[in-house]
Amino acid sequence: MIKTLLVGGAILVSTPALAEDIVIGVPNWPSVNAAANILKVAIEQNLGLQVELQNGTNPIVFEAMDSGAMHIHPEVWLPNQQNLADKFSKENGTVVINKNGVSAFQGMCADRVTAEAHGITSIDDLTKPDVAALIDRDGDGQGELWIGAPGWASTNVEQIRAKSYGYDQTMELNQTDETIAYAELDTAIKAGEPWIGFCYGPHYIFALMRRWQPSKKKVSESLKCWNGLVASLAYNPPVSKSPAARFFVSWDCQGRESWRWYATSIG
């Protein structure tokens, strides 16, 4: 029996299992992990193909698509990874960037109670010593500000922005794994303590924040968002000849749908 499934605007039609496998590269942030697992389930259940997920940094995944060792990157953030996209898509011609990207953002967020209580309304407020004191956990006179995980392209961007705005002088720019950073956010919110740090979306954290505070009085609000970002699926051309070709070309999951997926993926 043939089954069909409409996912993100692409119609998948099941076929007998083939010998070829599809390998999806999975960098280390939640939304790309969610997207990879959604792709895996949709392809395996509806196309009869075996899909393997392999962890790797953005450069490793692009290099692997270039060589054919991997076939898909579920979520390329542009312009953060523009250098990789240009090299392998425009110069080498070994990677195709899907044109139906999801609108995204990154920036700095504070919990709303802290923002309202202390009049924090702008990224420029992070240059103020009294604001830095709110998140000074070790008493050294500088706030501990999470700017992202080591190895993220966005982390490099946030380092540059901190210097441009001047809050690198009032804040200690911390790089740590996202799970650690958001565990600290969880603890701070539940204890009623201030939290300021890097945020981006689509991301499940905003759904969690609503769960913590149904009144929405502690939902994180953005101090500064840099919009105009796009998260797109990328694949290498040979895989476009597989039964999943139409799916990769037509993959189209826009903002609200993505946010629902990512929130649901963490249960």
Side-chain angles (χ1 to χ4, degrees), residues 26-38 55 75 77 102 104-121 123 125-126 130-140 142-155 157-159 161-162 167 170-226 229 231 255-256 258-267:
V26 189
N28 65 333
W29 63 87
S31 59
V32 73
N33 187 283
N37 279 278
I38 290 166
N55 295 331
E75 194 177 272
W77 279 58
V102 174
F105 75 88
Q106 71 179 62
M108 288 290 158
C109 288
D111 71 273
R112 185 163 295 164
V113 167
T114 296
E116 292 177 352
H118 298 277
I120 304 172
T121 60
I123 194 73
D125 291 327
L126 298 184
D130 58 331
V131 173
L134 295 173
I135 54 173
D136 180 5
R137 312 296 185 196
D138 57 13
D140 66 353
Q142 287 192 311
E144 280 77 59
L145 185 72
W146 182 61
I147 62 169
W152 287 2
S154 60
T155 303
V157 172
E158 294 306 325
Q159 281 185 306
R161 285 176 176 155
Y167 55 87
T170 56
M171 300 286 182
E172 179 182 326
L173 307 179
N174 290 339
Q175 300 183 35
T176 188
D177 185 80
E178 184 175 28
T179 56
I180 296 174
Y182 283 143
E184 293 174 350
L185 167 61
D186 187 7
T187 300
I189 293 295
K190 290 177 179 177
E193 298 176 349
W195 189 91
I196 304 172
F198 178 67
C199 59
Y200 65 94
H203 199 290
Y204 70 79
I205 196 65
F206 298 102
L208 284 181
M209 296 286 279
R210 287 193 292 274
R211 293 179 194 178
W212 290 333
Q213 294 290 334
S215 66
K216 298 186 178 180
K217 290 185 178 180
K218 283 196 177 181
V219 175
S220 177
E221 67 177 19
S222 175
L223 302 179
K224 177 69 175 181
C225 280
W226 289 271
L229 280 75
R256 291 183 180 179
S258 297
W259 287 59
R260 286 196 299 270
W261 277 4
Y262 302 151
T264 303
S265 72
I266 48 84

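Residue numbers count from 1 along this sequence.
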Worksheet item: If every non-hydrogen atom of Ala132 is compared with every non-hydrogen atom of Met171, which pair is closest and at what distance?
Response: CA-CE, 3.7 Å
Item to complete: Apply side-chain hydrogen bond (donor to acceptor under 3.5 Å, both in side chains) to Trp146 and list each qualifying residue two or more places apart in sequence or on a separate chain.
Response: none
Item to complete: Return the set of residues passing side-chain hydrogen bond (donor to acceptor under 3.5 Å, both in side chains) with Ser154 (not counting sequence neighbours), or none when no residue passes.
Response: none
Practice prompt. Could you tell me the separation between the CD1 atom of Ile38 and the CG atom of Asn33, rounded to the nearest 0.5 Å?
Written response: 10.0 Å
Worksheet item: Regarding Gln142 and Thr170, is there a side-chain donor-to-acceptor distance under 3.5 Å anywhere?
Response: no
Worksheet entry | Set of residues satisfying side chain to side chain contact (heavy atoms under 4.5 Å, CB included) with respect to Thr155, sequence neighbours excluded | Ile147, Trp152, Gln175
Worksheet entry | Least distance between heavy atoms, Ala181 atom then Trp195 atom | O-NE1, 4.1 Å
Item to complete: Dump the intermediate steps for side-chain contact (heavy atoms from CB on, under 4.5 Å) on Leu134 and Ile120, then the final yes or no.
Response: CA-CA 11 Å; Leu134 295 173; Ile120 304 172; 3.9 Å; yes
Worksheet item: Nearest 0.5 Å, what's the SG-CD distance between Cys199 and Gln106?
Response: 9.0 Å
Worksheet item: Is the centre of the Trp29 ring less than 6.0 Å from the centre of the Tyr200 ring?
Response: no
Discussion item. Can a donor-acceptor pair be found, under 3.5 Å and without considering hydrogens, that links the side chain of Asp186 to the backbone of Tyr182?
Written reply: no
Worksheet item: Do the side chains of Leu126 and Val131 get nearer than 4.5 Å, heavy atoms only?
Response: yes
Worksheet item: Which residues pass the side chain to side chain contact (heavy atoms under 4.5 Å, CB included) test with Ala36, sequence neighbours left out?
Response: Ile24, Val26, Leu53, Pro74
Practice prompt. Nearest 0.5 Å please: distance from the CD atom of Glu193 over to the CD1 atom of Ile135.
Written response: 12.0 Å
Practice prompt. Please identify each residue that fulfils side chain to side chain contact (heavy atoms under 4.5 Å, CB included) with Glu144, with sequence neighbours left out.
Written response: Asp136, Arg137, Asp138, Asp140, Glu172, Asn174
Item to complete: Measure the CZ-CD1 distance between Arg112 and Ile189 for me, rounded to the nearest 0.5 Å.
Response: 11.0 Å
Worksheet item: Shortest non-hydrogen contact from Leu173 to Ala162?
Response: CD1-CB, 3.7 Å
Practice prompt. Mind checking the OH-CZ spacing from Tyr167 to Arg161? Nearest 0.5 Å is all I need.
Written response: 8.0 Å
Discussion item. Tell me every residue that passes side-chain hydrogen bond (donor to acceptor under 3.5 Å, both in side chains) with Asp177, counting only those two or more places apart in sequence or in another chain.
Written reply: Thr179
Practice prompt. Measure the spacing between CG of Asp111 and CD1 of Ile196 and express it to the nearest 0.5 Å.
Written response: 8.0 Å
Item to complete: Compare every heavy atom of Ala188 with every heavy atom of Pro194, then report the nearest pair and how far apart it is.
Response: O-CB, 4.1 Å
